Number of protein chains: 2
Amino acid sequence: MDATARHPETDPRAAVKLWLRLYRPVSLIERELRSRFQREFGVSLSRFDALSALDRAPDGLLMGELSDRLLVTNGNVTGLISRMVADGLATRAALPQDRRSFRVELTDAGRQTFARMARAHADWLAELLADLPGETAAALGSHTETLMHSLRTEQDG
Amino acid sequence: MDATARHPETDPRAAVKLWLRLYRPVSLIERELRSRFQREFGVSLSRFDALSALDRAPDGLLMGELSDRLLVTNGNVTGLISRMVADGLATRAALPQDRRSFRVELTDAGRQTFARMARAHADWLAELLADLPGETAAALGSHTETLMHSLRTEQDG
DNA sequence: TCGAGATATTTTACTTCTAAAGTAACCGCG
DNA sequence: CGCGGTTACTTTAGAAGTAAAATATCTCGA
């Protein structure tokens, strides 16, 4: 198979159409979550995402690992974590063996805060997705997996 | 009062899982588009979205209509359009019959700029989605329609 | 006609985000 | 060693986003 055979018939118009169909509902949900986090907890979605990534990492994360996971730039993480440290949710300690690096870890308060928010987050999503037929949910789950995988192979190849 | 009674079978854990499966690939693509717009045209994705919404409206849009379509606040649109007007891409004229309102329209330069960007946008998406099997694309297209519809009914009900 | 509320937009103060440039520390090779 | 390139992170300048308050205009009923 030659190069064109690898990407046989991708119609740019169809690609845009599919993209918009994916993008719009995801944006709507994201925006709704963002505003609920703000209203209920006075917290940004970004901060919840950071708490979530750190909660999943028992030994904390380096700044760079965190920016990889959150899909944001290093500079962004610097400010985000500074504010979280100032608010007592996380600690940021230099690594003895590599003084360029910093290990970020949740404090107990941070883990407790996250636990409360995670519960609300799950409930909100259950509510927002309540009217979605079970078959559609299942199909979306598996097809978005395929999409994710195809993005990765596209990126590498 | 009991939220679970209204939505009998929505498992919050499953909802979060589905949400993350939707969110991650969409974020990846969005981020990639954003960085390509910046690199190739020195323009934000938001600006492209605004150009796109305005290009679709032959007679222009009111500020409020634009913020509805872009899913952003009025205050955000004020700044976005100010910069676009300053760059010669759009005009912003008070409505004689309602002096609170402003009609925003693309200039010829705005329409030409959008046309060039839209072509690149479509090509990028075709490239990013090239490895997605046709069946998956079709299924995703129809199921995201269902998702969008279920969000609307959820919102209204 | 007048005032009360609704509506359209802007302003304000702030967080979040980016790209690019800057700083500091590490690593490997001569 | 020591210097050159890489890596980890921060800083900077500015766009993009928010919520909430402010401004200005419209509308409608007494």
Side-chain angles (χ1 to χ4, degrees), chain A residues 27-28 30-53 60-87 89-104, chain B residues 27-28 30-53 60-87 89-104:
Chain A
S27 286
L28 265 178
E30 184 183 12
R31 162 148 246 91
E32 180 63 26
L33 291 176
R34 192 178 297 282
S35 103
R36 291 194 189 199
F37 270 117
Q38 194 61 54
R39 203 166 45 241
E40 303 294 326
F41 296 106
V43 143
S44 67
L45 186 53
S46 310
R47 184 174 283 207
F48 175 74
D49 287 342
L51 284 168
S52 176
L61 293 172
L62 304 184
M63 297 293 281
E65 292 174 333
L66 195 48
S67 68
D68 285 350
R69 276 170 183 62
L70 300 180
L71 298 178
V72 298
T73 57
N74 280 343
N76 187 7
V77 169
T78 296
L80 197 56
I81 293 300
S82 299
R83 287 184 293 271
M84 285 174 59
V85 168
D87 291 347
L89 299 175
T91 57
R92 184 178 156 291
L95 241 64
Q97 67 270 27
D98 183 347
R99 284 178 311 181
R100 294 167 306 176
S101 297
F102 294 89
R103 177 166 303 285
V104 182
Chain B
S27 287
L28 265 178
E30 184 183 10
R31 166 149 241 87
E32 181 63 26
L33 291 176
R34 192 179 296 282
S35 104
R36 290 193 191 200
F37 270 117
Q38 195 59 55
R39 204 166 43 244
E40 304 294 328
F41 297 107
V43 142
S44 68
L45 186 51
S46 311
R47 183 173 284 207
F48 174 74
D49 288 342
L51 285 168
S52 177
L61 293 172
L62 303 184
M63 297 296 280
E65 291 174 332
L66 194 48
S67 69
D68 284 350
R69 276 170 182 63
L70 299 180
L71 298 177
V72 298
T73 58
N74 281 342
N76 186 7
V77 169
T78 296
L80 197 56
I81 293 301
S82 299
R83 287 184 292 272
M84 285 174 58
V85 168
D87 291 347
L89 299 175
T91 57
R92 185 178 156 292
L95 242 65
Q97 68 271 28
D98 183 345
R99 285 178 312 182
R100 294 167 305 176
S101 299
F102 294 89
R103 177 166 304 286
V104 182

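These numbers were taken from a predicted model, which means no experiment stands behind them. Chain naming here is simple, since letters A, B, ... match the order of the sequence lines and numbering starts at 1 in each.
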Would you please test A/Val104 and A/Met63 for side-chain contact (heavy atoms from CB on, under 4.5 Å) and show each step? CA-CA 7 Å; A/Val104 182; A/Met63 297 293 281; 3.4 Å; yes
Does B/Val43 form a side-chain contact (heavy atoms from CB on, under 4.5 Å) with B/Gln38? I'd like the steps, not just the answer. CA-CA 5 Å; B/Val43 142; B/Gln38 195 59 55; over 6 Å; no
Derivation of the side-chain contact (heavy atoms from CB on, under 4.5 Å) call for A/Leu70 and A/Leu80: CA-CA 11 Å; A/Leu70 300 180; A/Leu80 197 56; 4.2 Å; yes
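Of the listed nucleotides (D/dA19, C/dA19, C/dT16), D/dA19 has the atom at the smallest distance from the side chain of A/Ser35.
Residue A/Leu45 contributes atom CG, which lies 16 Å from atom C1' of D/dA16 at whole-angstrom precision. Atoms CD (A/Glu30) and P (C/dT16) sit 14 Å apart, rounded to a whole Å. C/dC27 atom P lies 10 Å from atom CD of A/Gln97, rounded to whole Å. B/Glu40 places its CD atom 15 Å from the C1' atom of C/dA19, with the value rounded to the nearest Å. When the C1' atom of C/dC17 is taken as reference, atom CG of A/Leu66 falls 14 Å away, rounded to whole Å. Distance, B/Met84 CE to D/dA16 P: 10 Å, rounded to whole Å. Atoms CZ (A/Phe37) and P (C/dT16) sit 13 Å apart, rounded to a whole Å. Remark: P of D/dA16 and CG of B/Leu33 are 16 Å apart, rounded to the nearest angstrom.
For the pair B/Arg34 and D/dA16, the criterion of a side-chain N or O lying under 4.0 Å from OP1 or OP2 is not met. The side chain of A/Arg99 contributes an N or O atom lying less than 4.0 Å from OP1 or OP2 of C/dC26. Residue A/Ser44 has a polar side-chain atom (N or O) positioned under 4.0 Å from OP1 or OP2 of C/dT16.
For the pair A/Asn76 and B/Asn76, both in contact range of DNA chain C, the more 5′-proximal nearest nucleotide belongs to B/Asn76. Heavy-atom nearest nucleotides on DNA chain C were determined for A/Arg47 and for B/Gly79, and the one closer to the 5' end corresponds to B/Gly79.
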Under 3.5 Å between N/O atoms: give me all the protein pairs with nucleotides 6-9 of chain C, atom names plus distance.
residue : atom : partner  : partner atom : Å
C/dT7   : O2   : B/Arg100 : NH1          : 2.7
C/dA8   : O3'  : B/Ser101 : OG           : 3.2
C/dT9   : OP1  : B/Met63  : N            : 3.3
C/dT9   : OP1  : B/Phe102 : N            : 3.1
C/dT9   : OP2  : B/Gly64  : N            : 2.6

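B/Leu95 is listed as a side-chain neighbour of B/Leu62, based on a closest heavy-atom distance under 4.5 Å.
Contact annotation for A/Leu71: backbone-only contact, meaning every heavy-atom pair under 4.0 Å involves sugar-phosphate atoms and none involves a base.
Remark: B/Asn76 CG to B/Thr73 OG1 distance equals 5.0 Å, nearest 0.5 Å. Rounding to the nearest 0.5 Å places CZ of B/Arg83 at 9.0 Å from OG of B/Ser46.
Ion pair A/Arg69/A/Glu65 not flagged as a salt bridge, since none of the NZ, NE, NH1 or NH2 atoms sits closer than 4.0 Å to an Asp/Glu carboxylate oxygen.
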